[in-house]
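A short worksheet on the structure shown next.
Atoms considered below: every heavy atom in the structure, side chains included; atoms not considered: hydrogens, waters and symmetry mates.
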Amino acid sequence: MSEQPRAPVPRSPEAVDEGLDEAMIHDVVHHFYATAREDPVIGPVFRAHVPDAQWHHHLARIETFWCSTLLGTRTYDGRPMPKHLAIPELSDVHFRRWLALFRHTVEMLCPPKTAQLFVARSERIAEAFRINIAMHRKKDLVFHAPLTREPYP
């Protein structure tokens, strides 16, 4: 007997009811990263570590990540942590800016519950990345305060 593929399980039925789908995720990813790539704080990091020739492939992977995360598509198979661990200049300044730009993008493009879902997930992901990067850099985590929110620049 062959196993039936499991249907995607959306992580937030309320967001799906508001219209969260792959097209909305595509719009968020492309709008956000167009802004981020030109940002004076995080743009240089993106340009240094994701060459122009690989940019479209990178965006497609990020779309797949968010579809898996929010829509339960189970299509993302990447391992983003090692790539981020390999960026020596990555710091809280970059995470705060990334989150401020991302928050602004989703609040501008998405209905309220969907924007809240994106923001909550992005903040949890950023904290997980920060902690892993700090451990990788052998920093003391006892007094590792959570990120503060930066306003949209």
Quick one: pull up [atom1] in [X] and [atom2] in [Y] and give me the separation to the nearest 0.5 Å.
X: T35; Y: H104; atom1: OG1; atom2: NE2; value: 7.5 Å
X: Y33; Y: F46; atom1: OH; atom2: CZ; value: 5.0 Å
X: R79; Y: L85; atom1: CZ; atom2: CG; value: 9.5 Å
X: I62; Y: C67; atom1: CD1; atom2: SG; value: 12.0 Å
X: Y152; Y: M108; atom1: OH; atom2: CE; value: 7.0 Å
X: D21; Y: L70; atom1: CG; atom2: CG; value: 11.5 Å

Which heavy atom of [X] sits nearest a heavy atom of [Y], and at what distance?
X: T64; Y: T75; result: CG2-OG1, 3.3 Å
X: I42; Y: H94; result: CG2-O, 3.6 Å
X: V41; Y: V45; result: O-CG2, 4.3 Å

Using the rule given for side chain to side chain contact (heavy atoms under 4.5 Å, CB included), can you reason through R103 versus E123, listing the C-alpha separation, both sets of side-chain angles and the distance that settles it, and then say yes or no? CA-CA 9 Å; R103 209 170 31 253; E123 289 179 349; 3.6 Å; yes
Using the rule given for side chain to side chain contact (heavy atoms under 4.5 Å, CB included), can you reason through F118 versus L109, listing the C-alpha separation, both sets of side-chain angles and the distance that settles it, and then say yes or no? CA-CA 11 Å; F118 264 115; L109 296 179; over 6 Å; no
Pairs flagged by salt bridge (Lys or Arg N to Asp or Glu O under 4.0 Å) wherever residues 126-135 is involved - sequence neighbours left out: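 Found D92-R130, E127-R130.
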Less than 4.5 Å apart, side chain to side chain, heavy atoms only: is that true for [X] and [Y]?
X: I133; Y: F95; result: yes
X: E22; Y: T73; result: yes
X: R61; Y: D77; result: yes
X: L90; Y: R137; result: yes

Check whether [X] reaches the backbone of [Y] with its side chain - one donor and one acceptor, N or O, closer than 3.5 Å.
X: R121; Y: T69; result: yes
X: H84; Y: M81; result: no
X: R149; Y: A100; result: no

Side chain to side chain contact (heavy atoms under 4.5 Å, CB included) for M24 and C110? Distances and angles first, verdict last. CA-CA 8 Å; M24 185 183 291; C110 301; 3.8 Å; yes
Evaluate the ring planes of Y76 and F65, with Trp represented by its six-membered ring, and classify them as parallel (under 30°), tilted (30 to 60°) or perpendicular (over 60°).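 Answer is perpendicular, since the angle exceeds 60°.
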Kindly determine whether L20 and L71 satisfy side chain to side chain contact (heavy atoms under 4.5 Å, CB included), including the steps that lead there. CA-CA 8 Å; L20 177 63; L71 297 174; 3.9 Å; yes
Before we go on, tell me: are the rings of F102 and W66 under 6.0 Å apart, centre to centre?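 Yes, close enough.
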Would you mind checking if R47 and D39 are paired as a salt bridge, meaning a charged N to carboxylate O distance below 4.0 Å?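 So D39 does not pair with R47 through a salt bridge.
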Residues in ring-ring contact (aromatic ring centres under 6.0 Å, His included) with H30, at least two apart? H26
